[in-house]
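Computed from a predicted structure; not experimentally measured. In what follows, every heavy atom counts, from backbone to side chain, and hydrogens, waters and symmetry copies are set aside.
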Amino acid sequence: MNRYFSELRYKEVIDVHSGFRMGYVCDAEYDDASGQITAVITPGRAKLFGLFGREDDTVMPWGSIVRVGTDIILVDKKEEFRRRKRKARFLFE
């Protein structure tokens, strides 16, 4: 069965142990040489309703993913995931 990379954006990431909802996938990292996805990224939480920006994004390695379902991705958060600063997005890049 074929799946599309863009379908990841519609999946919510949930920690298997705590049931914590980490958010929806906003981006992914992949390896140029192998063509494999190495990590999925969820956006950081909004600070004071988004008025003060957001926290850093959470980068979850592909190895921490337990299951990819039709609408959710289950991750095993054994240790703290890596954080990434949100890149500024401009209208004309």
Side-chain angles (χ1 to χ4, degrees):
M1 181 182 300
N2 292 336
R3 294 286 179 195
Y4 295 99
F5 184 73
S6 61
E7 290 178 9
L8 286 176
R9 292 188 66 117
Y10 301 107
K11 296 184 187 297
E12 186 173 20
V13 180
I14 298 176
D15 179 26
V16 208
H17 298 291
S18 66
F20 180 71
R21 301 168 88 174
M22 302 182 75
Y24 288 86
V25 175
C26 69
D27 205 353
E29 291 180 355
Y30 70 96
D31 182 18
D32 285 335
S34 66
Q36 295 179 336
I37 297 174
T38 58
V40 292
I41 301 167
T42 57
R45 287 191 244 154
K47 296 178 185 175
L48 193 62
F49 306 108
L51 296 174
F52 293 107
R54 293 187 160 273
E55 295 177 357
D56 294 342
D57 295 342
T58 305
V59 180
M60 291 154 281
W62 189 260
S64 68
I65 294 176
V66 176
R67 177 109 170 128
V68 177
T70 55
D71 55 352
I72 63 170
I73 297 175
L74 298 176
V75 295
D76 186 7
K77 188 176 177 184
K78 294 177 183 171
E79 69 275 343
E80 192 65 29
F81 290 131
R82 181 170 52 102
R83 301 297 241 171
R84 174 187 87 161
K85 291 276 185 203
R86 179 172 283 274
K87 294 181 181 178
R89 305 220 180 214
F90 299 102
L91 184 57
F92 302 103
E93 290 188 41

Engineer: Show your reasoning for whether side-chain contact (heavy atoms from CB on, under 4.5 Å) applies to M22 and T58.
Structural biologist: CA-CA 9 Å; M22 302 182 75; T58 305; 4.1 Å; yes
Engineer: Could you check whether any side-chain N or O of K11 sits under 3.5 Å from a backbone N or O of V25, counting only pairs where one atom can act as donor and the other as acceptor?
Structural biologist: no
Engineer: When rounded to the nearest 0.5 angstrom, what distance separates CG in L8 from CG in D27?
Structural biologist: 10.5 Å
Engineer: Could you give me the CA-CA distance, side-chain angles and deciding distance for I14 and V75, then say whether side-chain contact (heavy atoms from CB on, under 4.5 Å) is met?
Structural biologist: CA-CA 6 Å; I14 298 176; V75 295; over 6 Å; no
Engineer: Same cluster or not: are I37 and V68 linked, directly or through other Ile, Leu, Val, Met, Phe, Trp or Tyr residues, by side-chain heavy atoms under 4.5 angstrom apart?
Structural biologist: yes
Engineer: Checking M60 against V13 for the side-chain contact (heavy atoms from CB on, under 4.5 Å) test, could you report, in this order, the C-alpha distance in whole Å, the side-chain angles of both residues, the deciding distance, and whether it holds?
Structural biologist: CA-CA 10 Å; M60 291 154 281; V13 180; 3.6 Å; yes
Engineer: Please round to the nearest 0.5 Å and tell me the distance separating atom OH of Y24 and atom CG of D71.
Structural biologist: 8.0 Å
Engineer: Is D57 reaching over with its side chain to a backbone N or O of G44, donor-acceptor style, under 3.5 angstrom?
Structural biologist: yes
Engineer: What distance separates I65 CD1 from L74 CG, expressed to the nearest 0.5 Å?
Structural biologist: 10.0 Å
Engineer: Should W62 and I73 be regarded as members of a common hydrophobic cluster, given that ILVMFWY residues are connected when their side-chain heavy atoms come within less than 4.5 Å of each other, either directly or indirectly?
Structural biologist: yes
Engineer: Which atom pair, heavy atoms only, marks the closest approach of K77 to H17?
Structural biologist: N-CD2, 4.5 Å
Engineer: Check whether T38 reaches the backbone of E29 with its side chain - one donor and one acceptor, N or O, closer than 3.5 Å.
Structural biologist: yes
